[in-house]
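Per chain, numbering begins at 1; letters A, B, ... match sequence-line order.
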Amino acid sequence: MSEKLIDLKDITKKFDNTVVLDDFNLYVRENEFVTLLGPSGCGKTTTLRIIAGFETPDKGSVIFEGKDITNLPPNKREVNTVFQKYALFPHMTIAENIAFGLRIKNKSREYIQDKIKYALKLVNLEGYENREPDSLSGGQQQRIAIARAIVNEPKVLLLDEPLGALDLKLRQDMQYELIRLKNELGITFLYVTHDQEEALTMSDIIVVMNQGYIQQIGTPTDIYNEPQNAFVADFIGDSNILQGTMIRDELVEILGTRFVCVDKGFGENKPVDVVIRPEDIDLVKPEDGIIDGVVTDVIFKGVHYEMCVMARDFEFIVHSTDCFPVDSKVGISVEPFDIQIMNRPQSEDEKAVEIDV
Amino acid sequence: MSEIIQKNIPPDAGAGGGAALMVSPRKKAKLLAAPYSIWAAGFIIIPLIMVLYYGFTAANGSITGANVAAIFSPVNLKALMLSILFSLVSTLLCLIIAYPVAVILAGFGRGKSGFLSLIFILPMWMNSLLRTIAWQNLLERKGVINAFLSSVNLPELYIINKPPAIILGMVYDFLPFMILPIYNAVSKIDPDLIHAAKDLGANGFQTFTKVLFPLSLPGVISGITMVFVPALTTFVISDILGGGKILLIGNVIEQLFTQDSDWNAGAGLSVVLMIFIVISMYFTEKYDGGEK
């Protein structure tokens with residue numbers, strides 16, 4: 001495992017008595033693509049701005065390569081930011097924008113020219129040197145913003161919802177583009193987004209945040225398949241979240257019926273939250289499943305059908321390529337390893353302790 | 001649907017009635033612009049023609065260039081040069097004072113800008129003549145300021161009737177006209193541009209010279225025009241704070257009209273002044289355009 005590059009220790013930040021980050025701890029290793037994911041107001045952008053130096057934490061420290069940089073101004077930090085709305089200098093050409101950081105550092109004319117060429121090639125915008133930022137499309141401007149940041153060879157590239165202002169198709173293209181860039185440059189990307197699909201596609205590590213706390217840290221597969229609590233399960237993709245009781249190891253009771261599962265170590269007769277992903281539910285003939293239900297709604301989604309199945313007063317969302325018409329009686333069947341058991345916090349205190357990873 | 005359309009345009013509507021209602025958009029625009037055209041003609045174009053007429057004719061009505069050429073008389077030339085000098089100095093002072101204020105007002109200083117903006121806007125609610133007279137009282141040899149200075153055993157200030165008093169008056173009167181356009185320009189700048197500059201390694205001074213100032217330039221230029229032009233033509237400030245001892249070009253023109261009743265000579269010098277204003281506006285416009 002490589003070194004810790006950024007280490008945030010006990011960061012607390014308040015804006016007008018609203019706590020945005022509370023005793024926040026997070027470290028980022030070299031050469032990782034780390035995504036801070038969460039709804040708006042969860043503190044993800046504030047975290048990024050604290051690392052960039054635009055905000056100072058009320059408490060705690062920012063360690064960069066072992067040195068405390070909490071009070072270092074942004075211009076002295078070895079990080080560069082890509083802003084959501086690009087923030088290209090409108091009074092400069094593309095070349096001047098890219099050269100900005102290098103000119104400040106008094107690099108030679110030849111070095112700057114080479115770097116501009118290299119950066120434009122990297123973002124597939126060769127020949128755009130003398131264009132004005134306003135004459136470029138949103139996607140092109142964003143590429144230039146990335147080029148302007150990376151010519152400075154930062155140790156970390158901070159990206160604040162950089163694809164938020166682009167349309168869907170462009171956003172998907174740019175996701176591949178960013179993965180490619182990260183692999184070519186070999187630098188750490190710290191990415192902020194509220195879009196779970198973006199996070200799942202690009203990240204090595206996802207940090208799910210809510211209300212200033214980290215909810216879960218893990219690889220995209222971990223986060224999706226084994227959410228640690230109901231918030232994560234709900235935020236990442238569609239899910240059926242049910243309240244259940246852990247009878248004993250590998251046996252859970254949901255809606256009055258006992259399901260075999262693979263989770264252990266929750267104790268006996270403990271209340272838990274249970275997540276079943278819509279695509280993990282098999283609809284079978286009535287009596288063949290574990291619980292019987294009635295289809296109440298069917299929507300065709302292209303890749304699959306999305307069906308609502310009412311079973312014992314709980315509405316399951318089911319994704320399947322087979323279509324069951326409305327009002328048909330079905331059986332619900334789930335494989336044991338598709339049932340994900342999560343601790344249910346019993347109090348606010350426990351909630352805080354649990355998510356303070 | 002078709003019924004509604006038929007109701008709107010009765011089939012038996014006469015051709016004449018229809019034509020009166022169906023005014024082309026172009027004509028409609030002209031009609032709407034009529035009040036402004038009348039205003040512009042009555043209060044701008046016609047007076048301008050009259051100034052030009054008086055400026056280029058002698059008292060007996062014959063055409064002459066003497067009124068305009070009178071600017072080259074030593075007294076008039078000195079007044080014009082003094083006017084230009086005073087307006088340049090006060091414009092520069094206004095810029096130096098106004099810029100930081102505008103930046104703070106725009107919220108870049110993160111201060112409480114509401115009270116501050118009130119401080120700078122409030123004097124504009126008062127008549128400028130009154131404000132100038134107030135300064136006269138403050139600056140007088142036995143005025144408020146000197147009374148205070150002598151009471152605390154400090155040397156007294158004798159700037160009344162001297163150039164510094166006039167420049168002070170100009171700066172005080174015209175400062176809001178510098179602050180407002182700069183404030184407008186600065187408040188439109190995306191704060192992330194400032195962040196981006198710092199993020200790329202620029203210190204405070206570099207951020208100012210490379211990003212903040214260039215982006216606020218349109219505001220600076222309209223501020224300069226809005227201060228320089230009235231400062232160049234003022235006669236009230238120099239009259240009150242200069243004690244009639246310092247003649248600016250505005251005072252010369254005013255005296256020609258009011259004391260000498262020589263409208264032709266006054267108009268002639270006004271034409272010269274207008275030429276200077278047009279030239280200065282041309283340069284500021286050109287500089288503004290060149291930056292874009």
Minimal non-hydrogen separation, [X] against [Y], with atom names:
X: A:Ile104; Y: B:Ala202; value: CD1-CB, 3.6 Å
X: A:His91; Y: B:Lys210; value: NE2-O, 2.8 Å
X: A:Ala87; Y: B:Asp192; value: CB-O, 3.8 Å
X: B:Leu193; Y: A:Leu88; value: CD2-O, 3.2 Å
X: A:Asn80; Y: B:Leu200; value: ND2-CD2, 3.7 Å

In this structure, are over 12 heavy atoms from other groups packed under 6.0 Å from [X] atom [atom1]?
X: A:Met92; atom1: CE; answer: yes
X: B:Tyr183; atom1: OH; answer: no
X: A:Lys13; atom1: NZ; answer: yes
X: A:Tyr27; atom1: OH; answer: no
X: A:Lys85; atom1: NZ; answer: no
X: B:Tyr172; atom1: OH; answer: yes

Nearest 0.5 angstrom please: A:Thr81 OG1 to B:Asp199 CG, how far?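 So the gap between those two atoms works out to 3.5 Å.
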
(message) Within the 4.5 Å heavy-atom criterion, are A:Phe89 and B:Leu215 side-chain neighbours or not?
(response) no

